[in-house]
Amino acid sequence: MEREEKDLEIMNIFEAIDKRTSRRVYLGLELNDDQIQFLEKEIELINEKSGLTFLIIRNASTAFNSLIKTYGLFKNVKSVIVLSGNKKDNNLYEKIGYYGEMVVLKATQMGLATCWVGGTFDKNDKILGNINHDEKEIVCVITIGLAQDKKSFREESIKKIVRGKSQKVEDFYEADCEVLNWFTKGIEAVQKAPSAMNSQRVKIKYNDGIIKIFIPNDRKFDMVDLGIAKLHFELLARGKFDLGNNAIFHKK
């Protein structure tokens, strides 16, 4: 998996990581043509690089209309980014997390609101694109659109239901030496990474000069969370991880 920090605006990336938050209530407005074209270009580049099949859908509201599927967690959803890929790709979930979060951070830099969605939508809704479910899997979608600057009472209430207590920075790593500033910055970025139900299960070990990242991988979206965390750490620590769980980090 080729990874180049130039895909994101490094000077502004920490601001985007810091600003990003999950939004579930939108204004119900369509994205304009310029926003769509920019996102389509970014998605095209990601698909070429990763072998994934990302697709932006301008009006995917029907996939969020069923209370049975969404539990009423989302309101006024218009556009989504469908994150799918080849079922035979052994690294599919990790790549979905890594490259999906690229799109999230780009959207954040554009002033758009987003939310990772794993199960609370209708994967079989035809509005999500002509997906051959025998060959490809829709792993997640990202809702994307305009939202109020301040979270609504509805969102704050949902946040209390679905979000656990965030861990401290020091809870994300173990080290047998004094860590340098670049490592700490990477860990701070991991702390701010979205994860399923805010579980924050990713851990990083720094032993004998080697940095490894791992996750228990006993829950459905653990590897998605791993991919997201890898991107966050890489961007701030300036380097890249190998693919897979318990992967080694290579500092640039």
Side-chain angles (χ1 to χ4, degrees), residues 1-21 42-43 45-52 54 81 83 85 89-109 114 116 139-140 142 166-167 169-175 177 179-196 199-217 221-252:
M1 191 191 314
E2 183 184 354
R3 296 171 178 175
E4 300 176 6
E5 286 87 348
K6 69 181 180 180
D7 289 333
L8 294 165
E9 299 173 20
I10 297 302
M11 294 300 293
N12 299 321
I13 200 62
F14 189 77
E15 181 182 1
I17 288 173
D18 191 55
K19 184 179 180 181
R20 184 221 61 83
T21 185
E42 293 300 315
I43 288 170
L45 292 172
I46 284 174
N47 287 343
E48 290 177 358
K49 177 185 296 185
S50 66
L52 297 171
F54 287 6
I81 298 169
L83 310 181
D89 187 342
N90 293 329
N91 299 302
L92 176 59
Y93 275 50
E94 178 186 337
K95 290 165 68 176
I96 290 287
Y98 186 93
Y99 287 104
E101 184 67 2
M102 270 192 183
V103 179
V104 165
L105 294 178
K106 275 292 187 181
T108 303
Q109 289 177 318
T114 61
W116 279 89
V139 177
C140 304
I142 296 167
S166 294
Q167 297 186 61
V169 171
E170 53 267 28
D171 294 331
F172 284 89
Y173 75 94
E174 299 175 6
C177 62
V179 298
L180 299 178
N181 184 63
W182 61 264
F183 181 86
T184 302
K185 290 294 184 183
I187 294 296
E188 289 174 352
V190 171
Q191 183 195 35
K192 297 177 185 296
S195 60
S199 54
Q200 297 187 311
R201 307 181 82 205
V202 168
K203 302 296 180 185
I204 295 178
K205 288 189 176 182
Y206 193 176
N207 294 323
D208 297 325
I210 298 175
I211 296 172
K212 291 185 177 182
I213 187 170
F214 68 98
I215 198 164
N217 194 22
F221 294 110
D222 273 357
M223 293 304 290
V224 175
D225 292 348
L226 183 71
I228 295 172
K230 281 185 177 182
L231 177 65
H232 276 228
F233 188 87
E234 288 179 4
L235 289 170
L236 272 295
R238 303 305 297 271
K240 64 178 181 180
F241 282 102
D242 294 331
L243 273 170
N245 207 356
N246 206 36
I248 295 175
F249 179 73
H250 304 276
K251 182 79 171 76
K252 288 190 174 179

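Just so it is clear, the values below take in all heavy atoms, side chains as well, and ignore hydrogens, waters and symmetry mates. Nothing here was measured: the structure is a model prediction, and the numbers come from that model.
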Peer 1: Donor-acceptor check, side chain of Lys251 to backbone of Ala237, threshold 3.5 angstrom: yes or no?
Peer 2: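 Confirmed, Lys251 side chain pairs with Ala237 backbone.
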
Peer 1: Who pairs with Phe221 by ring-ring contact (aromatic ring centres under 6.0 Å, His included), at least two apart in sequence or on another chain?
Peer 2: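 Partners of Phe221 by the ring-ring contact (aromatic ring centres under 6.0 Å, His included) criterion come out as none, since no residue qualifies.
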
Peer 1: Side chain to side chain contact (heavy atoms under 4.5 Å, CB included) for Ile46 and Met102? Distances and angles first, verdict last.
Peer 2: CA-CA 9 Å; Ile46 284 174; Met102 270 192 183; 4.2 Å; yes

Peer 1: Under a 3.5 Å distance rule, please check whether Gln191 uses its side chain to pair with a backbone N or O of Gln167 as donor and acceptor.
Peer 2: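 Yes, Gln191 side chain to Gln167 backbone: donor-acceptor pair under 3.5 Å.
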
Peer 1: Looking at residues at least two apart in the chain, or sitting in another chain, which of them share a side-chain hydrogen bond (donor to acceptor under 3.5 Å, both in side chains) with Asn245?
Peer 2: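 If we apply the side-chain hydrogen bond (donor to acceptor under 3.5 Å, both in side chains) test to Asn245, skipping adjacent residues, there are no hits.
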
Peer 1: Does Tyr206 have any ring-ring contact (aromatic ring centres under 6.0 Å, His included) partners at least two apart in sequence or in another chain, and if so, which?
Peer 2: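 Residues passing ring-ring contact (aromatic ring centres under 6.0 Å, His included) with Tyr206: Phe183.
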
Peer 1: Find out whether the Lys NZ or Arg CZ of Lys203 is both under 6.0 angstrom from the six-membered ring centre of Phe172 and within 45° of the ring's axis.
Peer 2: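 Yes; both conditions hold, so Lys203 lies above the ring face of Phe172.
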
Peer 1: Within the distance-only criterion (no hydrogens, no angle test), does the side chain of Asp225 pair as donor or acceptor with the backbone N or O of Val202 below 3.5 angstrom?
Peer 2: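 Between the backbone of Val202 and the side chain of Asp225 there is no qualifying donor-acceptor contact (under 3.5 Å).
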
Peer 1: Among all residues two or more places apart in sequence or in another chain, which pass the side chain to side chain contact (heavy atoms under 4.5 Å, CB included) test with Lys19?
Peer 2: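 If we apply the side chain to side chain contact (heavy atoms under 4.5 Å, CB included) test to Lys19, skipping adjacent residues, the hits are Thr108.
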
Peer 1: Does the Glu42 side chain pair with the main chain of Lys106, one donor and one acceptor, at a distance under 3.5 Å?
Peer 2: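 Such a contact is absent between Glu42 side chain and Lys106 backbone.
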
Peer 1: Under the side-chain hydrogen bond (donor to acceptor under 3.5 Å, both in side chains) test, which residues partner Asn47, sequence neighbours left out?
Peer 2: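 Here no residue qualifies.
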
Peer 1: Would the distance check show the side chain of Lys230 and the main-chain N or O of Asp242 forming a donor-acceptor pair, the cut-off being under 3.5 Å?
Peer 2: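 Yes, the answer is positive, given that a donor and an acceptor are paired below the 3.5 Å cut-off.
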
Peer 1: Return the set of residues passing salt bridge (charged side-chain N to carboxylate O under 4.0 Å, His left out) with Arg20 (not counting sequence neighbours), or none when no residue passes.
Peer 2: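 So Arg20 forms no salt bridge (charged side-chain N to carboxylate O under 4.0 Å, His left out) with any residue.
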
